[in-house]
**Q** 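Have a look at the structure that comes next, please.
Note on naming: letters A, B, ... go to the chains in the order of the sequence lines (proteins, then strands), and numbering restarts at 1 for each one.
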Amino acid sequence: MKTITTSIPYTNAKPHIGFAMEVVQADFFARYYRAHGEEVHFQTGTDEHGRKIERSAQKNNMSAQDYVDSLQQNFQGLLKSVNISHNRFVRTTDADHHAMAQALWRACAANGDIVQRHSQAWYDVVEEEYLGSVEEHPDPAVFGVDAANIERVDEINYVFLQSKYTDRLRDLLENDQIKVWPKHRRNEMLQLLEKGLPDVAVSRERSKLSWGIPVPGDENHVMYVWYDALTNYLTGTSTIDDQGIIVPGNAWSTEVLHCIGKGVSRFHLLLWPAMLLSADISLPKEVLIHGYITVGGTKMSKSLGNVIDPVEAAAERGSDALRWYMLKEIPTFDDCDWLPEHVAAVYASDLVNELGNLATRVWSMAQRYSGGVLSVVPGSGHTMTGEILITELAAFHEKIEQRKIHEGIQALQGMVRYANRRIEDMQPWKLAKDSEQLGEVTAFLHEMILLQGVLWRWLAAALPDSAATVATAFGVELSTMTPEVFMGEELITIQLGTDSPMLFPRDVH
RNA sequence: AGCGGGGUAGAGCAGCCUGGUAGCUCGUCUGGCUCAUAACCAGGAGGUCGUUAGUUCAAAUCUAACCCCCGCUACCA
């Protein structure tokens, strides 16, 4: 079994295209492992507590709950528009999440890792946010906030003793017990660990924040949003017994892959494992950290007006086209600039000209020269192509295990080009003029159809809609498409579907 | 400032560990083909591999210094 997760975005803003890329990457892995026949648990969700939401709700004259409910459609709509195949969506306002966060808190507290501590901190009364401790920052000027808005607060808060886990976390990361992709992100964390981890204030006074999960046994305090949010990974995978003890489910006691953005790596590589260690719960196996989509080399921001809306981007050429760009063109771990002309060029070149055109040209020849029904024993006639196919598939799988989705897909793309070259060499349209050679033409087209079947079995992880169209048009069951079948000695009858597969129209509006 | 990543044809990247005629995709130019979504195939043009110095018969590749871009140390997909 495999478990794939995404981070859960804060719902106060519209879904970010970067989050869309994150869910698409996660969805790729979910579909990839399903194609291997593995059972997959794939969860995503939304982070709905905190001061900003509370304040926005007030502005809109709504209760916080009604307000977050009204925001759900944005996120559900996004998942739909990029075709995400998750089987659990965790809202931090869900009752079972509420219970899980409290259960985890109790577990950490029982181990002596959450304690009350008197703290002195700087507080921004306008933004209603803690800026940092007085101890760490004796001069609040470093925060760049108007001094008139800064207040020094003195209060009792709950603190999670993250510092206790500094050494164990260093060991875990150094020994790859939590595998970090790419590696240099791990090094960044090790650097932080060198300085020693601080303890983390994990509660807020209810007077300052009421929209959150209450601290168990203390109605005057509410959990810090990160403590609350990270717990979602257990909510979706585990249960709580009669004693209030967390029972990790199969989905947690397996190979867990967290897909996140680089901005939240500290929380996932330090705080989260520390929380799990404290509660004596097993750790995730891998954390994949993607880069950011930039515009003109800078981050998107509302003030610059350069925000790309993922739902609109998906509507432009269809979800598969957007998914392809995000998976194949954007390097999995790196930042990448978003240029509309480039997006259009990649669509035309990779999808329209190569993948889409290959499907229609083969379909049309098979229809015209072989009457739409092709009964052939693949056998040794497919050996040459089959061996190349085996090599390329191995390269694909290896790259995907290294979490380099873009490089893996490029291996499959190489086979598409190979197919186009083969067709050029064989020139079936010439052979077909001679009725003596029609058998050879059919055998060749049969080979090209099976080849696409094998490729689309894996391309389906990136392009699920198109894969379904291809399967129908060629009348093949993708899950049976293996190199062994491709070169097998059994008769395979292919009956084409009635429609030519128009996967990627050239003209899109 | 410290640490990390990067600087290779117009754009995006690989090659660097394990030195030996500079490679891929897109774009561009020319030719071929006609099954196909004016798609496909072949070939050409285009680079003093950030700078300087060093090691070597030989350096994009190793060493040193320097310059530039980005990231992390504070929320962020």
**Q** I want to check a possible cation-pi pair here: K262(A) against Y292(A), using under 6.0 Å from ring centre and within 45° of the ring axis as the test.
**A**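 Yes, cation above the ring, under 6.0 Å and within 45°.
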**Q** Under 4.0 Å, counting only non-hydrogen atoms across every strand here, what does I293(A) touch: a base, just sugar-phosphate, or nothing?
**A**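 Base, at least one base atom sits under 4.0 Å.
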**Q** What interatomic distance, in whole Å, is found between P of A58(B) and the corresponding atom of A1(B)?
**A**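 37 Å, rounded to whole Å.
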**Q** Please determine which of R204(A), K208(A), R117(A) meets the salt bridge (charged side-chain N to carboxylate O under 4.0 Å, His left out) test together with E155(A).
**A**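 So the option named by the test is K208(A).
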**Q** Salt bridge (charged side-chain N to carboxylate O under 4.0 Å, His left out) between K399(A) and E407(A): does it pass, once the steps are laid out?
**A** CA-CA 6 Å; K399(A) 294 296 184 185; E407(A) 291 189 10; 2.9 Å; yes
**Q** Considering non-hydrogen atoms only, spot the tightest contact between Q25(A) and T332(A) and give its length.
**A**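 Closest approach of Q25(A) to T332(A): NE2-O, 3.4 Å.
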**Q** Determine the contact category for G261(A): base if any of its heavy atoms lies under 4.0 Å from a base atom, sugar-phosphate if only primed atoms, P, OP1 or OP2 are that close, otherwise nothing.
**A**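 It contacts sugar-phosphate atoms only.
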**Q** Are W338(A) and Y325(A) an aromatic pair by the rule of ring centers under 6.0 Å?
**A**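 When the ring centroids of W338(A) and Y325(A) are compared, they turn out to be within the sub-6.0 Å range.
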**Q** Can you run down the ring pair (Phe, Tyr, Trp, His ring centres under 6.0 Å) pairs that involve residues 397-443 of chain A, sequence neighbours left out, and say none if there aren't any?
**A**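 Qualifying pairs: Y32(A)-H397(A), H36(A)-H397(A), H397(A)-W458(A).
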**Q** How close or far is atom P of A36(B) from atom CD of Q452(A), stated in whole angstroms?
**A**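 So the CD-P distance, Q452(A) to A36(B), works out to 15 Å.
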**Q** Quick one: what's the B/S/- string for nucleotides 25-30 of chain B, heavy-atom cutoff under 4.0 Å, read 5' to 3'?
**A** SS----
**Q** Between F333(A) and H290(A), is the ring centroid distance below 6.0 Å?
**A**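 No, too far apart.
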**Q** With rounding to the closest Å, how many angstrom separate the P atoms on C76(B) and C66(B)?
**A**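 Between the two P atoms, the distance is 35 Å.
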**Q** If the C1' atom of G54(B) is compared with that of G12(B), how far apart are they to the nearest Å?
**A**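 Taking atom C1' in both G54(B) and G12(B), they lie 33 Å apart.
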**Q** What is the nucleic acid contact for F444(A), judged by heavy atoms within less than 4.0 Å: base, sugar-phosphate only, or nothing?
**A**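 Here F444(A) touches no strand at all.
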**Q** Are R403(A) and F29(A) in a cation-pi setup, meaning NZ or CZ lies under 6.0 angstrom from the ring centre and within 45 degrees of the ring axis?
**A**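 Yes, a cation-pi geometry.
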**Q** Say we look at G7(B) and C16(B): how far apart would their C1' atoms be, to the nearest angstrom?
**A**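 So the two C1' atoms sit 14 Å from each other.
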**Q** Please tell me whether W272(A) and Y233(A) form a close aromatic pair, meaning their ring centres lie under 6.0 Å apart.
**A**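 Yes, the ring of W272(A) comes within the 6.0 Å limit of the ring of Y233(A), centre to centre.
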**Q** Figure out the CZ/C1' separation between F267(A) and A77(B), and round it to whole Å.
**A**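 For the pair F267(A) CZ and A77(B) C1', the rounded distance is 14 Å.
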**Q** Residues from residues 361-369 of chain A sitting under 4.0 Å of RNA chain B, heavy atoms only?
**A**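 Output list: R361(A), S364(A), M365(A), R368(A), Y369(A).
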**Q** Mind checking the P distance from G6(B) to C17(B)? Whole angstroms is fine.
**A**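 To the nearest whole Å, 14 Å.
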**Q** Apply side chain to side chain donor-acceptor pair (under 3.5 Å) to Y10(A) and H49(A), showing your working.
**A** CA-CA 8 Å; Y10(A) 200 58; H49(A) 287 129; over 6 Å; no
**Q** Would you say the side-chain atoms of T6(A) pair up with the backbone N or O of V23(A), donor to acceptor, closer than 3.5 Å?
**A**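 Side chain of T6(A) to backbone of V23(A): no pair is present.
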**Q** Provide the distance between the two P atoms, one in U56(B) and one in A9(B), to the nearest whole Å.
**A**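 These two P atoms come out 30 Å apart once rounded.
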**Q** Measure all distances between protein nitrogen or oxygen atoms and nitrogen or oxygen atoms of nucleotides 2-8 of chain B, and list the pairs falling under 3.5 Å.
**A**
unit_1: C3(B); atom_1: O2'; unit_2: Q191(A); atom_2: OE1; d: 2.3
unit_1: C3(B); atom_1: O2'; unit_2: Q191(A); atom_2: NE2; d: 3.4

**Q** Inspect the contact between R51(A) and E54(A) and indicate whether a charged nitrogen and a carboxylate oxygen are less than 4.0 angstrom apart.
**A**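 Salt bridge: no.
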**Q** Quick check: on RNA chain B, is the nucleotide nearest D335(A) upstream (toward 5') of the one nearest E407(A), or the reverse? Name the residue that is more 5'.
**A**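 It is E407(A) whose nearest nucleotide is closer to the 5' end.
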**Q** At 4.0 Å (heavy atoms only), tell me whether I17(A) reaches a base, stays on the sugar-phosphate, or touches nothing.
**A**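 Result for I17(A) = nothing.
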**Q** Give me the residues of residues 419-431 of chain A where at least one heavy atom lies under 4.0 Å from an atom of RNA chain B, by number, or none.
**A**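 Of all residues in residues 419-431 of chain A, the ones placing a heavy atom under 4.0 Å from RNA chain B are N420(A), R421(A), E424(A), W429(A), K430(A).
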**Q** Counting only heavy atoms not in E401(A) (residues, nucleotides, ligands), do more than 12 fall under 6.0 Å from its CD?
**A**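 Enclosed.
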**Q** Taking the C1' atom of each, how far is A60(B) from A22(B), in whole Å?
**A**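 Here A60(B) and A22(B) have their C1' atoms 8 Å from each other.
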**Q** Answer yes or no: is there an ion pair linking R186(A) with E174(A), defined by an N-O contact shorter than 4.0 Å?
**A**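 Looking at E174(A) together with R186(A), the answer is no, because their closest N to O distance does not fall below 4.0 Å.
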**Q** Pick the P atom in A64(B) and in U21(B), then give their distance to the nearest Å.
**A**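 Rounded to whole Å, the distance is 26 Å.
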**Q** Which is it for N232(A) and Q43(A) under the side chain to side chain donor-acceptor pair (under 3.5 Å) test, yes or no, and what are the steps along the way?
**A** CA-CA 9 Å; N232(A) 91 85; Q43(A) 70 172 64; 3.1 Å; yes
**Q** Whole Å only: how far is the CG atom of L270(A) from the C1' atom of C72(B)?
**A**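 That distance rounds to 12 Å.
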**Q** Touch check for M189(A), heavy atoms < 4.0 angstrom, all strands: base, sugar-phosphate only, or nothing?
**A**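 No contact.
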**Q** Assess whether a salt bridge exists between E424(A) and R361(A), defined as any Lys/Arg side-chain N lying under 4.0 Å from an Asp/Glu carboxylate O.
**A**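 Salt bridge between E424(A) and R361(A), a charged N being under 4.0 Å from a carboxylate O: yes.
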**Q** What integer distance in Å separates L351(A):CG from C40(B):P?
**A**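 It works out to 12 Å between those atoms.
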**Q** Using Watson-Crick pairs (N1 to N3, plus N6-O4 or O6-N4) and G-U wobble pairs, both distances under 3.5 Å, which stems of at least 3 pairs involve RNA chain B?
**A**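 When the pairs of RNA chain B are grouped into runs of at least three, the stems are B:1-7 with B:67-73, B:10-13 with B:23-26, B:28-32 with B:40-44, B:50-54 with B:62-66.
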